[in-house]
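Inspection log for the structure reproduced underneath, given as structure tokens.
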Amino acid sequence: MESPFFLLTILLFLSSSPAAVKSKPGASNDLVRSSCVHASYPSLCFRTLSSYSGPADTPRDLAQAAVKVSLSRARKVAGKSKREGAALSDCVEQISDSVDELSKTLGELKHLRGETLGFQLSNAQTWVSAALTNEDTCLDGFKGVEGKVKSEVKRKMSNVAKVTSNALYMINRLNESRG
């Protein structure tokens with residue numbers, strides 16, 4: 001059986017790879033730039049969304065792309081490790097919850113309807129906010145724990161939290177633009 005440290009090392013290596021590597025053409029790139037300018041982490045927002053390989057031609061596309069990037073990174077953090085003590089176990093559970101919340105969000109964004117748009121966007125905001133809380137709770141579990149595992153998990157979780165924050169910003173922006 002593989003050691004938890006070995007599995008975590010693989011997890012950390014895999015989660016540092018980009019979700020996609022295709023640059024957006026002109027107008028789409030302009031939309032990404034103008035949409036990301038006020039995000040919590042504008043450089044990261046622009047870098048991840050401008051290299052996103054799927055469609056990003058509308059604010060809705062961007063919100064979906066931001067959630068997909070966040071979901072991809074959360075899955076990588078959640079799915080590749082077993083246990084490194086109680087803190088790591090709790091963290092894996094929290095991130096699994098984040099994956100569920102982000103998956104529900106993406107499903108909701110894919111099926112927006114005029115008559116229920118406000119309710120759907122409210123759900124999306126709630127679920128992405130819950131994912132952010134889960135990510136914070138994961139890191140809280142490492143208080144009093146020292147070592148390489150903690151610093152690597154903290155570094156990766158910080159990245160997941162930042163792209164999740166950007167996804168929430170894009171959903172909030174989509175909600176504001178509907179009125």
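Here the closest non-hydrogen pair linking Ile95 and Ala74 is CG2-O, 3.2 Å. When every heavy atom of Ser35 is checked against every heavy atom of Arg173, the shortest pair comes out as OG-NH1, 3.2 Å. When every heavy atom of Val153 is checked against every heavy atom of Cys138, the shortest pair comes out as CG1-SG, 4.4 Å. Contact detail for Leu132 and Ala161: the closest heavy-atom pair is CD2-O, 3.4 Å. Of all heavy-atom pairs spanning Thr164 and Ala131, the tightest one is CG2-CB, 4.2 Å.
The closest side-chain heavy-atom distance from Arg155 to Glu152 is below 4.5 Å. Counting heavy atoms from C-beta outward, Lys68 and Tyr52 have side chains that approach closer than 4.5 Å. Under the 4.5 Å side-chain criterion, counting only non-hydrogen atoms from C-beta, Arg73 is in contact with Thr48. No side-chain heavy atom of Val37 sits less than 4.5 Å from a side-chain heavy atom of Phe46. Between Asn159 and Leu44 the shortest side-chain heavy-atom distance falls below 4.5 Å.
Judged by distance alone, the side chain of Thr126 and the main-chain N or O of Ser122 form a donor-acceptor pair under 3.5 Å. Panel note: side chain Arg60, backbone Leu174; no donor-acceptor pair is recorded below 3.5 Å. A donor-acceptor contact shorter than 3.5 Å is absent between the side chain of Asn172 and the backbone of Gln125. Side-chain atoms of Glu135 do not come within 3.5 Å of backbone N or O of Ser98 as any donor-acceptor pair. In this structure a side-chain-to-backbone donor-acceptor pair under 3.5 Å is present from Ser103 to Val99.
Under the 4.5 Å side-chain heavy-atom criterion for grouping Ile, Leu, Val, Met, Phe, Trp and Tyr, Leu121 is connected to Leu102 within one hydrophobic cluster. A continuous path of Ile, Leu, Val, Met, Phe, Trp and Tyr side chains, each step under 4.5 Å between heavy atoms, connects Tyr169 with Leu49, placing both in one hydrophobic cluster. Phe119 and Leu168 fall into different hydrophobic clusters, where Ile, Leu, Val, Met, Phe, Trp and Tyr residues are linked whenever their side-chain heavy atoms come under 4.5 Å apart, directly or through other members. Under the 4.5 Å side-chain heavy-atom criterion for ILVMFWY residues, no single connected hydrophobic cluster contains both Val67 and Trp127.
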Open item on the list: Applying salt bridge (Lys or Arg N to Asp or Glu O under 4.0 Å) to Lys104 and Glu101, what does each step give before you reach the verdict?
Closed with: CA-CA 5 Å; Lys104 287 192 294 189; Glu101 300 291 346; 3.6 Å; yes
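When the options Asp100, Val128, Leu71 are evaluated for a side chain to side chain contact (heavy atoms under 4.5 Å, CB included) with Thr105, the one that passes is Val128.
The distance from the OG atom of Ser165 to the CE atom of Met170 is 10.5 Å, given to the nearest 0.5 Å. Taking OG of Ser151 as the reference point, atom NZ of Lys156 lies at 11.0 Å (rounded to 0.5 Å). For the atom pair Leu62 CG and Cys36 SG, the distance stands at 7.0 Å (nearest 0.5 Å). In this structure, the separation between CG on Asn134 and CG on Asp90 is 12.0 Å, given to the nearest 0.5 Å. Atoms OG and CG, on Ser177 and Asn175 in that order, are 8.0 Å from each other to the nearest 0.5 Å. Remark: Gln64 CD to Thr58 OG1 distance equals 7.5 Å, nearest 0.5 Å.
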